[in-house]
Amino acid sequence: MDMSAIAARLGLSGSRPVVRKAAELRRLCDINFDSSVLGIGEVCKAIICLEITATKFQVIFDRSEAVRMSGMSEKAYIRSFNALQNGLGVKTTLDVRELGIQFGCVRLIPFVQKGLVLYKERFLAALPPPRRSSTDFGRQVFTAAAFYLCAKRHKLKVDKLKLIDLCGTSSSEFTTVLTSTGDICFDVFGIAKEKKDPTSIKGNRKLLDVLPSKRKHEDDSDHSDESSGDDNDDELDLPTHKRHKKMEKQAYNQWKSSVISTNKQTKPAQETSSAQLQEETARRRLGSTTTS
């Protein structure tokens, strides 16, 4: 497909310098290496060249439409994009100052720079010595993540999707770097609401102690001495509807036992009264026979 036709479908037909530079990059790809070895087709190669050029000229580029046109998944497209950038040697760097100017957050620049330095130092300190030399912090996703977290901490609105497109990464990778950066440098990038532990809050401590998973039981010796107390604890462990059912069953058993005990008490009295009645009837019959 012609470069101009692809640019028109991506909304770049009005930017002729972008189209000319993208065509030049495409010719460099054909000369320097075989892109088919990397799994990059001709259409995808043209789209990636257009995106690289549009980023360089600071022209808005629709990444989602580019991924759809390439016929690849987002992760595969990003891998191909990074491979082509490295092969051409035109990998762009994301400067903190440019981000601050572009998003209107110039006052965040010193905080982001300080946070990035701390993140690199703490991240390297946590790694074993053999792996420290191979760690690459030159990727744009680290700068973008630090900038986004700083803006969020200072309650400034930043377009997350636009930031992901600028650093040329996927949303899942960006989220992973955000989590890592926030955990390692919480004093610089963290937000208090995200780091609160429910067990450290006095208002929630009693509530957590009521839960079955959080309640601490005593030793078996104490259980043997305080069996009645343990029964009450077991009842508290049950859910509400099961507790009600158990209480109803206990009330029914008490009523049943009281009825049975009452029947046992009234039955001997009935037997004695019937015996007395039979005896009196027999006496009357015997008296009537003697008189006759």
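Source: prediction; values computed, not measured.
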Chemist: Passes salt bridge (Lys or Arg N to Asp or Glu O under 4.0 Å), Arg27 versus Glu24? Steps please.
Modeler: CA-CA 5 Å; Arg27 288 192 296 270; Glu24 182 182 342; 5.3 Å; no

Chemist: Taking all non-hydrogen atoms of both residues, which atom of Ile47 and which atom of Phe61 are closest, and how far apart?
Modeler: O-CZ, 4.0 Å

Chemist: Does Arg97, at its CZ atom, have more than 12 non-hydrogen atoms belonging to other residues, nucleotides or ligands within less than 6.0 Å?
Modeler: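 Atom CZ in Arg97 is not crowded, with 12 or fewer foreign heavy atoms closer than 6.0 Å.
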
Chemist: Contact between Phe111 and Arg153 at the side-chain level, heavy atoms closer than 4.5 Å - yes or no?
Modeler: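 Side chain of Phe111 against side chain of Arg153, heavy atoms only: no contact under 4.5 Å found.
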
Chemist: Is there a donor-acceptor contact under 3.5 Å from the side chain of Ser80 to the main chain of Ala76?
Modeler: yes

Chemist: Answer yes or no: is there a side-chain heavy-atom contact under 4.5 Å between Glu74 and Ser172?
Modeler: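 No, their side chains stay 4.5 Å or more apart.
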
Chemist: Are Ile6 and Leu25 connected into the same hydrophobic cluster when the rule is that any two of I, L, V, M, F, W, Y join if their side-chain heavy atoms are below 4.5 Å apart?
Modeler: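 Yes.
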
Chemist: Measure the spacing between CD of Gln85 and OG1 of Thr55 and express it to the nearest 0.5 Å.
Modeler: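 The OG1 atom of Thr55 is 7.5 Å from CD of Gln85, to the nearest 0.5 Å.
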
Chemist: Under a 3.5 Å distance rule, please check whether Ser13 uses its side chain to pair with a backbone N or O of Arg9 as donor and acceptor.
Modeler: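 Answer holds: no.
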
Chemist: Check Val18, Ile52, Leu12 against Phe57 for a side chain to side chain contact (heavy atoms under 4.5 Å, CB included) and give me the one that passes.
Modeler: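 When side chain to side chain contact (heavy atoms under 4.5 Å, CB included) is applied between Phe57 and each of Val18, Ile52, Leu12, only Val18 qualifies.
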
Chemist: Could you tell me if the side chain of Ile48 sits less than 4.5 Å from the side chain of Cys44, heavy atoms only?
Modeler: yes

Chemist: Exactly one of Arg68, Glu51, Arg63 should register a side chain to side chain donor-acceptor pair (under 3.5 Å) with Tyr77. Which one does?
Modeler: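 Per the side chain to side chain donor-acceptor pair (under 3.5 Å) rule, the option paired with Tyr77 is Glu51, out of Arg68, Glu51, Arg63.
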
Chemist: Kindly say whether the aromatic ring centers of Phe103 and Phe147 come within a distance under 6.0 Å.
Modeler: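 They qualify: ring centres under 6.0 Å apart.
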
